[in-house]
Amino acid sequence: MRTRILTMMLTMLIVSAQYAMAQTADSVDVIDYDLTLDLSEGAPYHAMAALTVQLERPLSTMALQLEGIVDSMAIDGNMLATNNLEQIPVGGIAVGQPFVLTVWYRGTGHVESYGWGGFHFDRDMSYNLGVAFNEDPHVIGRAMFP
């Protein structure tokens, strides 16, 4: 009887863990990044990122993160009425159909609270230390692009 109860509990644990992983699985696959950064004037920098993306499941909106300010966005060359990276409208785009999301943005670089990792602007140069001690995840080189 004890073995049967333990087996049932273990089975329920495995099934619930698999369900939880399926619910949090990525729903967007970024296939390619084409990044253009204009650092000629230091901070603030100006940038453009063209992301080739495909949806892994049907979505009405998708979200990206960025340490910067979004000026405008387009999907396959069609300008979007929003510049909110947390609510990018993708309704009507088929699952598995690649599309290009272009984001024009600007920023001043992101430096972790510890003051070491991140993107730094000095008088004569700009440089990226893409590892952070005080942030999770520790990789912060991604802060320069969506």
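Throughout, residue positions are numbered sequentially from 1 according to the sequence presented.
Heavy-atom neighbours of M125 CE from other residues, nucleotides or ligands within 6.0 Å: at or below the threshold of 12. Other residues, nucleotides and ligands place more than 12 heavy atoms under 6.0 Å from the OH atom of Y33.
Side-chain contact between V95 and P58 is present, with heavy atoms from C-beta onward closer than 4.5 Å. In this structure, the side chains of V53 and I93 stay at 4.5 Å or more apart for every pair of heavy atoms.
Under a hydrophobic clustering in which Ile, Leu, Val, Met, Phe, Trp and Tyr are joined whenever their side-chain heavy atoms come within less than 4.5 Å, directly or via other members, V90 and L51 fall into the same cluster. Under the 4.5 Å side-chain contact rule for hydrophobic residues, F145 and L85 share a cluster. Clustering ILVMFWY residues whenever any of their side-chain heavy atoms sit less than 4.5 angstrom apart, transitively, puts V28 in the very cluster that holds L101. Using a 4.5 Å cut-off between side-chain heavy atoms of Ile, Leu, Val, Met, Phe, Trp and Tyr, with links allowed through other members, Y105 and L64 fall into the same hydrophobic cluster. Both L59 and V30 are assigned to one and the same hydrophobic cluster, defined by single-linkage of ILVMFWY side chains at heavy-atom distances under 4.5 Å.
Between H120 and Y127, the two ring planes are parallel [angle under 30°; tilted spans 30° to 60°]. Using cut-offs of 30° and 60° on the angle between ring planes, the pair F121 and Y45 is parallel.
Of all non-hydrogen atoms in L80 and I88, the two that sit nearest each other are CD1-CG2, 4.1 Å. Nearest approach of T61 to Q87, heavy atoms of both residues: CG2-OE1, 3.7 Å. The two residues S113 and E135 make their nearest non-hydrogen contact at N-OE2, 4.0 Å. Residues F99 and M62 share a closest heavy-atom pair of CZ-SD, 4.2 Å. Contact record, N128 with G118: OD1-O, 3.2 Å, taken as the closest heavy-atom pair. Nearest heavy-atom pair across L66 and P146 is CD1-N, 3.7 Å.
Distance check, rounded to the nearest 0.5 Å: OG1 of T52 to CD1 of I31 gives 6.5 Å. E56 CD to D29 CG: the interatomic distance, rounded to the nearest 0.5 Å, is 5.0 Å. For the atom pair NE2 of H46 and CG of L39, the computed distance is 10.5 Å after rounding to the nearest 0.5 Å.
No donor-acceptor pair closer than 3.5 Å links the side chain of D38 to the backbone N or O of A47. Under the 3.5 Å distance criterion, the side-chain polar atoms of E67 are left unmatched by any main-chain donor or acceptor of G107. Distance alone, capped at 3.5 Å, places no donor-acceptor pair between the D34 side chain and the A50 backbone.
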With side chain to side chain contact (heavy atoms under 4.5 Å, CB included) as the test, would you mind laying out the steps for M48 and W104 before giving the verdict? CA-CA 4 Å; M48 184 274 304; W104 290 270; 3.4 Å; yes
Set out, in order, the CA-CA distance, both residues' side-chain angles and the distance that settles side chain to side chain contact (heavy atoms under 4.5 Å, CB included) for E112 and L129, then state yes or no. CA-CA 10 Å; E112 70 167 321; L129 298 172; over 6 Å; no
